[in-house]
Amino acid sequence: MELIPVSKDIPILNKVPVVKRVNNNSSSLIQVSNEPLQFQQNPFIEANTKEVSLSCLKQDCVIPVFAKDNEKTIAHQEFIDITNECVHSTFNRHQISKPEIRISHQIKGRTPEAIHKSAKDLLDHERTQYFERMAFIIRIPSITETINGNQLSLIVGGVRSYNRENLYSKKSFEKFQVFIGFQNMVCCNLCVSTDGFSAEIKVSSYAELKAKILELFQSYKMEHHFKSMQNLTQCQLSEKQFAQLVGRAKLYQFLPKQEKLKIPQLLINDGQISTIAKDYYQDERFCKNEDGNINLWNMYNLFTSANKSSYIDSFLNRNVNAFDFTKSLSKAINDGSYHWFLS
C-alpha cells in the first residue's frame with residue numbers, strides 16, 4: 001500500500017479586513033495581508049518523515065485500539081479534524097490553508113485471509129497500516145508579520161505519538177501536543193513560544209480535546225510573542241561569542257545532571273549543533289555578516305532550521321526550547337548578566 005501523493009498547497013489570500021486579534025486582553029490589531037503570499041514550500045519538519053494527505057489517513061489506515069478492552073483511540077485524522085474545527089471557529093474571517101501532515105514510523109499489518117502469504121505476495125487490499133507518529137500544521141496566511149525582512153504567517157498544529165500511549169492496557173487518558181505560533185515563510189521554520197504550546201494535553205474524549213485546544217488559542221499572546229522575536233534583531237553575537245557558544249553547547253551534552261540544572265536548558269543535540277556551526281558560514285539567509293557578527297534572530301533561525309532533523313516526538317519541545325534559550329542570551333546581552341554559554 002503506497003502513500004497518496006500530496007499536491008503542494010500554495011495559499012492565495014482572501015481580501016479580508018483588519019480584525020481584532022485573538023487575545024481579548026489587548027486592543028491592538030493583527031496585520032492582515034491583502035497580497036498573495038508566494039513562497040517555496042519546504043517541509044516544516046524533515047527527519048525520517050513523509051508527507052501524506054488527510055484522505056490517506058482516513059481511507060488507507062486502520063485505527064489503533066487499547067488491546068485489553070478494544071476501545072479505539074482518537075485517530076490521527078480525528079485529531080486533525082478537531083483542530084481544524086477550532087481554527088475555523090476562532091479565525092472564521094480568514095483564509096485557512098489545508099493541513100500539511102507529516103508521518104513516521106509505519107506500523108504494518110495484514111488481513112486474516114492473508115495469514116499464510118509471504119510479504120512479497122500480499123495484495124494492496126490485504127495490507128494494513130497506521131503511523132505511530134504524526135505532526136501537522138494549519139496555516140492562516142492572511143495573518144502575517146515581518147521581522148528583519150522575513151514574512152511570518154500565523155499557524156496552528158499538533159503532534160500525536162502513539163508510543164506515548166500504553167496500547168497494551170485498557171483505555172486511559174490520551175496525550176496530545178498542540179501549538180499556535182508563527183512560521184517563517186522564507187525557510188518554513190516554525191516559531192513557537194511557551195505560552196502557545198501545550199506539551200501534554202490529556203483527554204478522554206473529543207469534547208475535552210476540543211475545549212483544551214480552544215483554551216490554548218484564546219490564551220495565546222500573539223503580539224507579545226511577535227515582539228519578543230522582533231527584539232532578537234536588536235542583539236548580536238560576535239564571532240568569538242558564537243564560537244564560545246558552540247563550544248559550550250558541545251560540552252553541555254556531557255555535563256553532570258546537577259550542573260545542568262544550574263544553567264539554561266539546551267535540548268538541541270550534538271549533530272544539530274554541528275549543523276548550526278556550518279550554517280553560520282553557509283546559510284544564505286541567516287549566516288553571519290561580513291564582520292562575523294550574527295544577530296539573535298538569525299541565530300534563532302539557525303536553531304529552528306537544525307531542529308527539522310528531530311523526530312516528531314521531540315520536535316516541538318526542542319523548538320520551544322530554542323526560543324527560550326535564545327531569549328536567555330538576549331537577556332544576558334542586554335543587562336550584562338552572567339551566561340554560562342557565553343562565559
Side-chain angles (χ1 to χ4, degrees), residues 8-14 16 18-23 26 28-45 87 90-91 93-100 135-158 178-197 216-217 220-235 279 283-287 294-308 315-316 318-327 330:
K8 296 298 182 184
D9 177 26
I10 306 299
I12 303 298
L13 306 189
N14 285 347
V16 292
V18 175
V19 296
K20 288 188 181 294
R21 53 172 298 221
V22 176
N23 180 16
S26 172
S28 57
L29 302 180
I30 56 176
Q31 179 180 344
V32 178
S33 172
N34 291 326
E35 297 298 325
L37 182 61
Q38 300 293 337
F39 58 91
Q40 179 181 354
Q41 188 173 348
N42 298 315
F44 66 91
I45 181 175
V87 174
T90 304
F91 303 97
R93 299 180 65 184
H94 290 274
Q95 171 72 21
I96 297 170
S97 297
K98 294 179 181 178
E100 180 183 338
F136 71 95
I137 61 171
I138 300 171
R139 193 177 298 108
I140 307 161
S142 55
I143 301 179
T144 63
E145 293 287 1
T146 302
I147 296 178
N148 208 35
N150 302 156
Q151 190 166 33
L152 309 182
S153 177
L154 187 70
I155 57 162
V156 303
V178 181
F179 67 92
I180 177 170
F182 288 94
Q183 184 176 31
N184 188 340
M185 303 314 302
V186 172
C187 50
C188 294
N189 297 349
L190 301 190
C191 306
V192 185
S193 65
T194 304
D195 75 321
F197 174 53
L216 176 66
F217 290 176
Y220 173 56
K221 299 178 178 62
M222 184 189 303
E223 290 209 2
H224 176 74
H225 182 200
F226 170 72
K227 289 178 181 178
S228 295
M229 291 190 293
Q230 192 175 47
N231 289 339
L232 298 179
T233 63
Q234 306 303 314
C235 298
D279 289 344
D283 192 292
E284 295 180 355
R285 301 155 300 188
F286 305 113
C287 66
I294 184 170
N295 68 50
L296 291 188
W297 168 252
N298 285 350
M299 196 198 74
Y300 169 54
N301 277 277
L302 294 184
F303 273 63
T304 55
S305 181
N307 182 48
K308 286 185 177 182
F315 173 71
L316 283 178
R318 286 178 176 170
N319 194 289
V320 173
N321 173 252
F323 185 54
D324 291 339
F325 180 80
T326 309
K327 284 197 302 179
S330 176

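Values in this document were obtained by computation on a predicted structure and should not be read as measured data.
The heavy-atom pair separating Cys187 from Arg285 by the smallest distance is CB-NH1, 3.3 Å. Here the shortest heavy-atom pairing between Asn298 and Cys287 reads ND2-O, 4.1 Å. Heavy atoms only, all atoms of each residue included: Thr233 and Gln230 are closest at OG1-O, 2.7 Å. Taking both residues in full, the closest heavy atoms of Ile96 and Ile138 are given as CG2-CG2, 3.5 Å, listed atom of the first, atom of the second, then distance. In terms of heavy-atom proximity, Phe303 sits nearest to Ala322 at CB-CB, 4.0 Å.
No donor-acceptor pair closer than 3.5 Å links the side chain of Asn42 to the backbone N or O of Cys188. Here the side chain of Asn301 pairs no donor or acceptor atom with the backbone of Phe286 at under 3.5 angstrom. The closest donor-acceptor contact from the side chain of Asn231 to the backbone of Lys227 lies under 3.5 Å. Asn148 places no side-chain N or O within 3.5 Å of a backbone atom of Asn150 that could act as its donor or acceptor partner.
Considering CD of Gln151 and OG1 of Thr146, their distance stands at 5.0 Å, rounded to 0.5 Å. The distance from atom OH of Tyr300 to atom OG of Ser228, rounded to the nearest 0.5 Å, is 10.5 Å. In this structure, Ile143 CD1 and Ile155 CD1 are separated by 12.0 Å, a value rounded to the nearest 0.5 Å. With rounding to the nearest 0.5 Å, the separation of CG in Asp195 from NE2 in His224 is 6.5 Å. In this structure, the separation between NZ on Lys221 and OG1 on Thr194 is 11.0 Å, given to the nearest 0.5 Å. The OG atom of Ser153 lies 8.5 Å from the CD1 atom of Ile137; values are rounded to the nearest 0.5 Å.
Looking at His225 and Met229, their side chains come closer than 4.5 Å, going by heavy atoms from C-beta outward. Within the 4.5 Å cutoff, the side chain of Leu302 has heavy atoms near those of the Ile294 side chain. Side-chain contact check for Leu154 versus Tyr220: some heavy-atom pair is nearer than 4.5 Å. You'll find the side chain of Phe315 stays beyond 4.5 Å of the side chain of Val192, heavy atoms only. In this structure the side chain of Phe182 reaches within 4.5 angstrom of the side chain of Met222, judged on heavy atoms.
Ring pair Phe91/His94 is perpendicular by interplanar angle, where above 60° counts as perpendicular and below 30° as parallel.
None of Thr304, Leu232, Leu190 except one satisfies the side-chain contact (heavy atoms from CB on, under 4.5 Å) rule with Phe323; the exception is Leu232.
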